[in-house]
Amino acid sequence: MKIAICDDCRKDAMRLKALLSEHHDAVLYSSANQLLNAVQGQKKRYDLYLIDIYLDTGSGLELAKQLRREEEDAALCFISFSDEFYREAYDLYAVQYLLKPVKKEDLEGLLERISARLHREKEKSLSFRWRGQTGMIPYGKILYVSSREHTVYIHCRDGSVQECTGKLNEIAGQICGDVFSRCHQSFIVNMYHVSSMNGSELVVRGQSVPVSRRYLAEIKRRYQEILFEEME
């Protein structure tokens, strides 16, 4: 796994790197500008970004916002001596918030989750047909699938919407399971991109997806399961 560590305290950064096994490729950055130059200028990408909240050259939260603009699905983890910025980290879809000194078992738990996510996104794709052409979209890039007037729409993380022929029931039979769940007659949602559940509505990367009464109990159960996965 490729990991970027951004911490202006070299001692803390080196300790964090020492906790990682030799199987991970960790690169140290001492400032927000240094990391941004690598991401924006050199187009480097990492599977996980470990960011210190307090940076002498700027806020770790501001750095995370800029990284999110460059890479919408970036896995961000904040590290701090205090948990006072936990709410802001949550709003940035941080995968975790670790307190210094970071414990080896907490870091290993985080790496297991990221590794599982990468594996899940890599191994499966949704196949589709549109106007005589065929294509594939990795599960991890799909937010939700909807249908309207005999056309199916695949809504993706990058904001694009792929139209395809077929019926939603056919796609449900192909993809529903651990990652996707049917939540409505006209909607299938990637449960790993759900940020919150409000009554009979799911919020997926800022977009609202309805949940009908027929599927409500199962969606609540699956949503709770994934919350517990994230906490482990």
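- Contact of the L63 side chain with the L67 side chain is registered, since non-hydrogen atoms from C-beta on lie closer than 4.5 Å.
- A donor-acceptor contact shorter than 3.5 Å links the side chain of R113 to the backbone of V95.
- Side-chain contact between L111 and L48 is present, with heavy atoms from C-beta onward closer than 4.5 Å.
- Between E170 and K167 there is no salt bridge, since none of the side-chain N atoms of the basic residue sits less than 4.0 Å from a carboxylate O of the acidic one.
- Within the 4.5 Å cutoff, no side-chain heavy atoms of V211 are placed close to those of H184.
- Neither side chain, R157 nor N190, offers a donor N or O lying under 3.5 Å from an acceptor on the other.
- Between the side chains of N33 and S31, no donor N or O sits under 3.5 Å from an acceptor N or O.
- The pair D7-K100 counts as a salt bridge, with a side-chain nitrogen and a carboxylate oxygen less than 4.0 angstrom apart.
- Taking the six-membered ring for Trp and thresholds of 30 and 60 degrees, Y153 and H155 have ring planes inclined between 30 and 60 degrees apart.
- A side-chain donor-acceptor contact under 3.5 Å links S59 to the backbone of L61.
- For the pair E71 and Y49, the minimum side-chain heavy-atom distance is below 4.5 Å.
- Using bins of under 30°, 30° to 60° and over 60° for the plane-to-plane angle, the ring pair Y29/Y46 lands in the perpendicular bin.
- A heavy-atom distance below 4.5 Å is found between the side chains of C77 and Q96.
- Taking both residues in full, the closest heavy atoms of A13 and L28 are given as O-CD2, 4.0 Å, listed atom of the first, atom of the second, then distance.
- The pair R222-E218 does not meet the salt-bridge criterion, since no charged nitrogen lies less than 4.0 angstrom from a carboxylate oxygen.
- Side-chain atoms of R68 come within 3.5 Å of backbone atoms of A74 as a donor-acceptor pair (strictly under, hydrogens ignored).
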**Request:** Walk me through it: do I51 and I79 pass the test side-chain contact (heavy atoms from CB on, under 4.5 Å)?
**Result:** CA-CA 6 Å; I51 303 171; I79 300 171; over 6 Å; no
**Request:** Apply the test side-chain contact (heavy atoms from CB on, under 4.5 Å) to residues L98 and F78: give CA-CA distance (whole Å), side-chain angles for both, the deciding distance (0.1 Å), then the verdict.
**Result:** CA-CA 6 Å; L98 298 177; F78 292 105; over 6 Å; no
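- Within 6.0 Å of the CD atom in Q133, the count of heavy atoms belonging to other residues, nucleotides or ligands does not exceed 12.
- L55 and F81 fall into different hydrophobic clusters, defined by Ile, Leu, Val, Met, Phe, Trp and Tyr side-chain heavy atoms under 4.5 Å apart, directly or through other members.
- Nearest heavy atoms, C164 versus F128: CB-CB, 3.8 Å.
- I142 places none of its side-chain heavy atoms less than 4.5 Å from the side chain of I175.
- D12 is not listed as a side-chain neighbour of R15, based on a closest heavy-atom distance of 4.5 Å or more.
- Between the side chains of R214 and Q185, no donor N or O sits under 3.5 Å from an acceptor N or O.
- Among all heavy-atom pairs drawn from C176 and I188, the shortest one is SG-CG2, 3.9 Å.
- Contact annotation: the side chain of F187 never approaches that of V145 to less than 4.5 Å [non-hydrogen atoms, C-beta and beyond].
- Put simply, the residue from V203, V209, L216 that forms a side chain to side chain contact (heavy atoms under 4.5 Å, CB included) with M197 is L216.
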**Item:** Residue pair T165, V152: steps toward the side-chain contact (heavy atoms from CB on, under 4.5 Å) verdict
**Value:** CA-CA 6 Å; T165 55; V152 174; over 6 Å; no
**Message:** Between C156 and I137, does the side-chain contact (heavy atoms from CB on, under 4.5 Å) criterion hold? Intermediate values first, please.
**Reply:** CA-CA 9 Å; C156 300; I137 301 178; 4.2 Å; yes
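- Crowding of R148 atom CZ: a count of heavy atoms from other residues, nucleotides or ligands under 6.0 Å not exceeding 12.
- Not counting sequence neighbours, the partners of E62 by the side-chain hydrogen bond (donor to acceptor under 3.5 Å, both in side chains) test are K65.
- Listed for the K104 side chain is a donor-acceptor partner under 3.5 Å among the backbone atoms of L19.
- Here the closest non-hydrogen pair linking Q174 and Y139 is O-OH, 3.8 Å.
- The two residues S125 and P138 come nearest to each other via the heavy atoms OG-CA, 3.5 Å.
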